[in-house]
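Position 1 is the first residue of the sequence; numbering continues from there. Atoms considered below: every heavy atom in the structure, side chains included; atoms not considered: hydrogens, waters and symmetry mates.
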Amino acid sequence: MGKRFEIMEFVITIAVIVIAITCLCIEGNLRKTMEQNNEIIKLLKQLQQK
């Protein structure tokens with residue numbers, strides 16, 4: 001029973017690490033998209049003023 005618990009603990013630890021890395025990647029992508037959207041909004045405002 002002890003060995004099985006250690007394996008489960010290891011699997012859960014790996015899963016948490018994978019989830020954390022995934023969240024960081026998603027955050028990075030969202031930040032990049034937000035910057036691109038802000039740039040598009042600036043350009044559209046410039047076009048609208050002309």
Side-chain angles (χ1 to χ4, degrees):
M1 188 79 175
K3 189 74 170 168
R4 179 177 273 173
F5 179 75
E6 288 176 18
I7 292 171
M8 286 300 294
E9 197 174 52
F10 177 75
V11 169
I12 290 169
T13 303
I14 296 298
V16 168
I17 291 170
V18 168
I19 290 168
I21 291 170
T22 303
C23 288
L24 289 173
C25 290
I26 291 171
E27 181 188 11
N29 287 340
L30 285 175
R31 186 164 290 151
K32 185 176 169 187
T33 302
M34 189 176 71
E35 289 171 5
Q36 289 174 341
N37 286 345
N38 287 338
E39 200 63 36
I40 291 169
I41 289 168
K42 272 189 220 172
L43 292 171
L44 287 173
K45 284 181 180 177
Q46 286 175 1
L47 283 174
Q48 193 177 29
Q49 290 174 355
K50 291 184 178 181

Summary of salt bridge (Lys or Arg N to Asp or Glu O under 4.0 Å) pairs that have at least one residue in residues 34-46, sequence neighbours excluded | none

Pair listing, salt bridge (Lys or Arg N to Asp or Glu O under 4.0 Å) test, anchored in residues 12-25, at least two apart | none

How many angstroms lie between CG in Leu44 and CG in Asn37, if you round to the nearest 0.5 Å?
-> 10.0 Å

Residue Gln48 excluded, over 12 heavy atoms near CD under 6.0 Å = no

Hey, can you pull the donor-acceptor pairs under 3.5 Å for the side chains in residues 10-31, sequence neighbours left out?
residue : atom : partner : partner atom : Å
Thr13   : OG1  : Glu9    : O            : 2.8
Thr22   : OG1  : Val18   : O            : 2.8
Glu27   : OE2  : Arg31   : NH2          : 3.1

